Amino acid sequence: MKAVMIKVHEVWLETLMGAFMSNTHNKQTLFDFADILFRHFTWIENALIKSGEEYSYDRDNIPIKVESLSILLKDIDMRLSDIDLQLMSLEDKDLANRISSDISYIRNVLSKMHDEVISAFTMQRVMEGYSLSSEATDALTLFLFEESYKEYELIMIYNYLKAHSDDAFMNRIFQILIDESMFHLKCFGDMMAKMGILATPRVVMRELYQVTDVVKFLEDGIDEEIQAKEECKRLAEAVASDNEDLAKFFDFINNQENYHIALMRDALNHYKEVNDIE
Ligand SMILES: [Fe+2]
Ligand SMILES: [Fe+2]
(Lines give C-alpha, C1' and ligand atoms only; values in the text may rest on other atoms or scores of the structure.)
(Ligands and ions follow the chains in the order given, each with its own letter.)
Protein backbone atom coordinates (compact mmCIF):
# COMPACT_ATOMS: atom_id res chain seq x y z
CA MET A 1 0.00 0.00 0.00
CA LYS A 2 2.97 2.26 0.74
CA ALA A 3 4.15 1.85 -2.84
CA VAL A 4 0.75 2.93 -4.16
CA MET A 5 0.83 6.07 -2.04
CA ILE A 6 4.23 7.03 -3.45
CA LYS A 7 3.00 6.47 -6.99
CA VAL A 8 -0.08 8.60 -6.39
CA HIS A 9 2.13 11.33 -4.93
CA GLU A 10 4.25 11.26 -8.10
CA VAL A 11 1.35 11.28 -10.52
CA TRP A 12 -0.35 14.09 -8.58
CA LEU A 13 2.75 16.25 -9.04
CA GLU A 14 3.16 15.28 -12.67
CA THR A 15 -0.46 16.18 -13.42
CA LEU A 16 -0.06 19.49 -11.61
CA MET A 17 3.04 20.22 -13.70
CA GLY A 18 1.00 19.38 -16.80
CA ALA A 19 -1.58 21.97 -15.73
CA PHE A 20 1.16 24.59 -15.36
CA MET A 21 2.44 23.82 -18.86
CA SER A 22 -0.90 23.97 -20.60
CA ASN A 23 -2.11 27.19 -22.20
CA THR A 24 -5.48 25.97 -23.39
CA HIS A 25 -8.69 24.72 -21.82
CA ASN A 26 -6.81 21.50 -20.96
CA LYS A 27 -5.36 23.55 -18.12
CA GLN A 28 -8.39 23.64 -15.83
CA THR A 29 -9.11 19.96 -16.41
CA LEU A 30 -5.54 19.09 -15.43
CA PHE A 31 -5.78 21.25 -12.30
CA ASP A 32 -9.01 19.48 -11.33
CA PHE A 33 -7.48 16.06 -11.92
CA ALA A 34 -4.42 17.04 -9.89
CA ASP A 35 -6.73 18.01 -7.02
CA ILE A 36 -8.54 14.67 -7.25
CA LEU A 37 -5.22 12.79 -7.23
CA PHE A 38 -4.05 14.75 -4.21
CA ARG A 39 -7.19 13.67 -2.37
CA HIS A 40 -6.52 10.05 -3.36
CA PHE A 41 -3.07 10.48 -1.90
CA THR A 42 -4.48 11.67 1.42
CA TRP A 43 -7.03 8.85 1.55
CA ILE A 44 -4.41 6.18 0.98
CA GLU A 45 -2.26 7.88 3.60
CA ASN A 46 -5.17 7.69 6.01
CA ALA A 47 -5.57 3.97 5.29
CA LEU A 48 -1.83 3.50 5.97
CA ILE A 49 -2.10 5.28 9.31
CA LYS A 50 -5.12 3.17 10.25
CA SER A 51 -3.24 -0.03 9.44
CA GLY A 52 -0.19 1.17 11.40
CA GLU A 53 2.10 0.84 8.39
CA GLU A 54 5.04 3.26 8.43
CA TYR A 55 5.49 5.55 5.47
CA SER A 56 7.19 8.72 4.30
CA TYR A 57 6.82 11.31 1.58
CA ASP A 58 9.93 10.10 -0.21
CA ARG A 59 9.48 9.70 -3.96
CA ASP A 60 11.44 9.54 -7.17
CA ASN A 61 12.27 12.54 -9.31
CA ILE A 62 9.66 13.16 -11.93
CA PRO A 63 11.00 14.00 -15.40
CA ILE A 64 8.66 16.56 -16.94
CA LYS A 65 10.71 18.26 -19.65
CA VAL A 66 8.62 17.62 -22.73
CA GLU A 67 8.17 19.47 -25.99
CA SER A 68 4.58 18.45 -26.42
CA LEU A 69 1.86 17.85 -23.85
CA SER A 70 0.89 14.49 -25.33
CA ILE A 71 4.21 12.98 -24.19
CA LEU A 72 3.50 13.98 -20.61
CA LEU A 73 -0.10 12.79 -20.85
CA LYS A 74 1.08 9.39 -22.06
CA ASP A 75 3.38 9.12 -19.08
CA ILE A 76 0.59 10.13 -16.68
CA ASP A 77 -1.63 7.52 -18.29
CA MET A 78 1.02 4.83 -17.83
CA ARG A 79 1.39 5.72 -14.18
CA LEU A 80 -2.36 5.70 -13.63
CA SER A 81 -2.75 2.31 -15.24
CA ASP A 82 0.03 0.99 -13.01
CA ILE A 83 -1.64 2.47 -9.89
CA ASP A 84 -4.97 0.99 -10.95
CA LEU A 85 -3.45 -2.51 -10.97
CA GLN A 86 -1.81 -2.00 -7.60
CA LEU A 87 -4.98 -0.79 -5.93
CA MET A 88 -5.71 -4.47 -5.33
CA SER A 89 -3.28 -4.28 -2.43
CA LEU A 90 -5.62 -1.96 -0.54
CA GLU A 91 -7.56 -3.69 2.17
CA ASP A 92 -10.33 -1.13 1.97
CA LYS A 93 -12.07 -2.34 -1.18
CA ASP A 94 -14.53 0.57 -1.23
CA LEU A 95 -11.63 3.00 -1.29
CA ALA A 96 -9.86 1.01 -4.01
CA ASN A 97 -13.03 0.98 -6.13
CA ARG A 98 -13.60 4.67 -5.64
CA ILE A 99 -10.07 5.54 -6.74
CA SER A 100 -10.19 3.06 -9.60
CA SER A 101 -13.40 4.59 -10.90
CA ASP A 102 -11.86 8.10 -10.83
CA ILE A 103 -8.75 6.80 -12.57
CA SER A 104 -10.63 5.20 -15.42
CA TYR A 105 -12.55 8.43 -16.02
CA ILE A 106 -9.38 10.53 -15.86
CA ARG A 107 -7.56 8.21 -18.28
CA ASN A 108 -10.40 8.42 -20.73
CA VAL A 109 -10.43 12.23 -20.68
CA LEU A 110 -6.62 12.41 -20.95
CA SER A 111 -6.66 10.13 -23.99
CA LYS A 112 -8.94 12.62 -25.77
CA MET A 113 -7.06 15.78 -24.87
CA HIS A 114 -5.70 17.70 -27.85
CA ASP A 115 -1.95 18.13 -28.02
CA GLU A 116 -0.10 21.37 -27.22
CA VAL A 117 3.38 22.62 -27.97
CA ILE A 118 5.09 23.25 -24.63
CA SER A 119 7.17 26.36 -23.94
CA ALA A 120 7.57 25.89 -20.18
CA PHE A 121 11.24 24.90 -20.44
CA THR A 122 12.65 27.43 -22.91
CA MET A 123 14.55 29.33 -20.17
CA GLN A 124 13.75 32.59 -21.99
CA ARG A 125 12.66 34.18 -18.67
CA VAL A 126 10.21 36.55 -20.30
CA MET A 127 6.54 36.68 -19.52
CA GLU A 128 4.33 37.77 -22.37
CA GLY A 129 2.90 41.22 -21.73
CA TYR A 130 5.35 41.99 -18.93
CA SER A 131 8.58 43.80 -19.60
CA LEU A 132 10.89 43.50 -16.62
CA SER A 133 14.42 44.81 -16.11
CA SER A 134 17.12 42.17 -15.79
CA GLU A 135 17.34 42.86 -12.01
CA ALA A 136 13.61 42.36 -11.60
CA THR A 137 13.77 39.23 -13.75
CA ASP A 138 16.56 37.80 -11.59
CA ALA A 139 14.69 38.62 -8.38
CA LEU A 140 11.52 37.03 -9.72
CA THR A 141 13.34 33.91 -10.93
CA LEU A 142 14.96 33.31 -7.56
CA PHE A 143 11.71 33.98 -5.73
CA LEU A 144 9.75 31.52 -7.89
CA PHE A 145 12.25 28.69 -7.43
CA GLU A 146 12.44 29.16 -3.68
CA GLU A 147 8.81 29.84 -2.98
CA SER A 148 7.36 27.13 -5.22
CA TYR A 149 9.40 24.59 -3.27
CA LYS A 150 8.41 26.26 0.00
CA GLU A 151 4.70 26.03 -0.77
CA TYR A 152 5.04 22.36 -1.72
CA GLU A 153 6.93 21.76 1.51
CA LEU A 154 4.19 23.48 3.52
CA ILE A 155 1.49 21.43 1.80
CA MET A 156 3.31 18.24 2.75
CA ILE A 157 4.01 19.35 6.34
CA TYR A 158 0.46 20.50 7.10
CA ASN A 159 -0.93 17.46 5.38
CA TYR A 160 1.21 15.20 7.55
CA LEU A 161 0.27 17.04 10.73
CA LYS A 162 -3.39 16.91 9.79
CA ALA A 163 -3.21 13.20 9.02
CA HIS A 164 -1.81 12.56 12.49
CA SER A 165 -4.10 14.80 14.49
CA ASP A 166 -7.71 14.27 15.52
CA ASP A 167 -8.03 17.73 17.03
CA ALA A 168 -10.79 19.42 15.00
CA PHE A 169 -9.60 22.92 15.91
CA MET A 170 -6.06 22.25 14.67
CA ASN A 171 -7.24 20.37 11.60
CA ARG A 172 -9.46 23.21 10.47
CA ILE A 173 -6.40 25.47 10.52
CA PHE A 174 -4.14 22.89 8.85
CA GLN A 175 -6.67 22.47 6.04
CA ILE A 176 -6.90 26.23 5.42
CA LEU A 177 -3.11 26.42 5.29
CA ILE A 178 -2.96 23.49 2.84
CA ASP A 179 -5.54 25.17 0.59
CA GLU A 180 -3.74 28.51 0.72
CA SER A 181 -0.38 26.92 -0.10
CA MET A 182 -2.00 25.06 -2.99
CA PHE A 183 -3.18 28.39 -4.34
CA HIS A 184 0.24 29.99 -3.95
CA LEU A 185 1.93 26.98 -5.55
CA LYS A 186 -0.48 27.20 -8.48
CA CYS A 187 0.24 30.91 -8.99
CA PHE A 188 4.01 30.46 -8.81
CA GLY A 189 4.07 27.31 -10.97
CA ASP A 190 2.04 29.08 -13.63
CA MET A 191 4.49 31.97 -13.67
CA MET A 192 7.44 29.58 -13.91
CA ALA A 193 5.87 27.89 -16.91
CA LYS A 194 5.21 31.27 -18.55
CA MET A 195 8.84 32.26 -17.99
CA GLY A 196 10.11 28.96 -19.39
CA ILE A 197 11.66 27.85 -16.08
CA LEU A 198 9.20 25.23 -14.85
CA ALA A 199 10.65 22.60 -12.51
CA THR A 200 9.23 20.06 -10.07
CA PRO A 201 9.89 20.88 -6.44
CA ARG A 202 12.55 18.73 -4.79
CA VAL A 203 11.66 16.01 -2.29
CA VAL A 204 10.89 17.23 1.24
CA MET A 205 13.18 15.86 3.95
CA ARG A 206 11.50 13.63 6.52
CA GLU A 207 12.70 15.66 9.49
CA LEU A 208 10.67 18.58 8.23
CA TYR A 209 7.24 16.95 8.36
CA GLN A 210 7.77 14.27 10.98
CA VAL A 211 7.37 16.99 13.57
CA THR A 212 8.09 15.98 17.16
CA ASP A 213 7.86 19.40 18.78
CA VAL A 214 4.67 21.07 17.54
CA VAL A 215 5.20 24.23 19.58
CA LYS A 216 8.65 24.82 18.14
CA PHE A 217 7.40 23.94 14.68
CA LEU A 218 4.63 26.55 14.89
CA GLU A 219 6.89 29.21 16.38
CA ASP A 220 9.50 28.68 13.63
CA GLY A 221 6.70 28.54 11.08
CA ILE A 222 5.43 31.95 12.16
CA ASP A 223 8.93 33.38 11.74
CA GLU A 224 9.13 31.84 8.30
CA GLU A 225 5.81 33.34 7.28
CA ILE A 226 7.09 36.74 8.37
CA GLN A 227 10.15 36.18 6.17
CA ALA A 228 7.94 35.11 3.28
CA LYS A 229 6.08 38.40 3.68
CA GLU A 230 9.35 40.29 3.46
CA GLU A 231 10.30 38.36 0.30
CA CYS A 232 7.00 39.33 -1.29
CA LYS A 233 7.38 42.96 -0.27
CA ARG A 234 10.90 43.09 -1.64
CA LEU A 235 9.77 41.53 -4.88
CA ALA A 236 6.78 43.86 -5.19
CA GLU A 237 9.23 46.77 -4.84
CA ALA A 238 11.68 45.26 -7.34
CA VAL A 239 9.02 44.90 -10.04
CA ALA A 240 6.88 47.95 -9.08
CA SER A 241 8.49 50.37 -11.53
CA ASP A 242 8.37 47.81 -14.37
CA ASN A 243 4.95 46.39 -13.87
CA GLU A 244 2.12 47.57 -11.70
CA ASP A 245 0.00 44.42 -12.05
CA LEU A 246 2.80 42.18 -10.90
CA ALA A 247 3.57 44.49 -7.95
CA LYS A 248 -0.10 44.39 -6.95
CA PHE A 249 -0.09 40.60 -7.20
CA PHE A 250 2.83 40.27 -4.81
CA ASP A 251 1.20 42.72 -2.40
CA PHE A 252 -1.87 40.52 -2.47
CA ILE A 253 0.20 37.40 -1.72
CA ASN A 254 2.04 39.29 1.01
CA ASN A 255 -1.24 40.28 2.68
CA GLN A 256 -2.48 36.70 2.56
CA GLU A 257 0.51 35.72 4.68
CA ASN A 258 -0.90 37.92 7.49
CA TYR A 259 -3.82 35.57 7.77
CA HIS A 260 -1.52 32.54 7.82
CA ILE A 261 0.38 34.06 10.71
CA ALA A 262 -2.84 34.76 12.61
CA LEU A 263 -4.02 31.18 12.05
CA MET A 264 -0.72 29.74 13.19
CA ARG A 265 -0.83 31.86 16.34
CA ASP A 266 -4.36 30.52 17.02
CA ALA A 267 -3.09 26.98 16.49
CA LEU A 268 -0.13 27.61 18.79
CA ASN A 269 -2.30 29.00 21.60
CA HIS A 270 -4.80 26.19 21.27
CA TYR A 271 -2.12 23.51 21.25
CA LYS A 272 -0.46 24.96 24.34
CA GLU A 273 -3.78 25.15 26.14
CA VAL A 274 -4.83 21.62 25.32
CA ASN A 275 -1.42 20.19 26.24
CA ASP A 276 -0.89 22.36 29.31
CA ILE A 277 2.23 24.03 27.94
CA GLU A 278 3.27 27.44 29.28
FE1 LIG B 1 2.64 31.48 0.74
FE1 LIG C 1 1.93 31.40 4.03
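Note that the structure is predicted; figures quoted are calculated from it, not measured. Numbers for residues simply follow the sequence, beginning at 1. Just so you know, ligand 1 is whichever comes first in the structure, and atom 1 is the first atom listed for that ligand.
The Fe ion (ligand 2) has an N, O or S atom of H260 closer than 2.8 Å. Contact annotation: E225 places an N, O or S atom under 2.8 Å from the Fe ion (ligand 2).
With V4 as the fixed residue, the side chain to side chain contact (heavy atoms under 4.5 Å, CB included) test singles out one of H40, H9, Q86: Q86. Applying ring pair (Phe, Tyr, Trp, His ring centres under 6.0 Å) to Y209 and the options F174, Y57, Y55, F217 leaves one that passes, Y57.
The Fe ion (ligand 1) lies at the vertex of an angle of 140° between the OE2 atom of E151 and the OE2 atom of E257 (rounded to 10°).
Closest approach between the Fe ion (ligand 1) and any N/O/S atom of H184 involves ND1.
Judged by distance alone, with hydrogens and angles left aside, the side-chain atoms of N254 form no donor-acceptor pair with the main-chain N or O of K233 at under 3.5 Å.
Aromatic pair F188/F143: centroids less than 6.0 angstrom apart.
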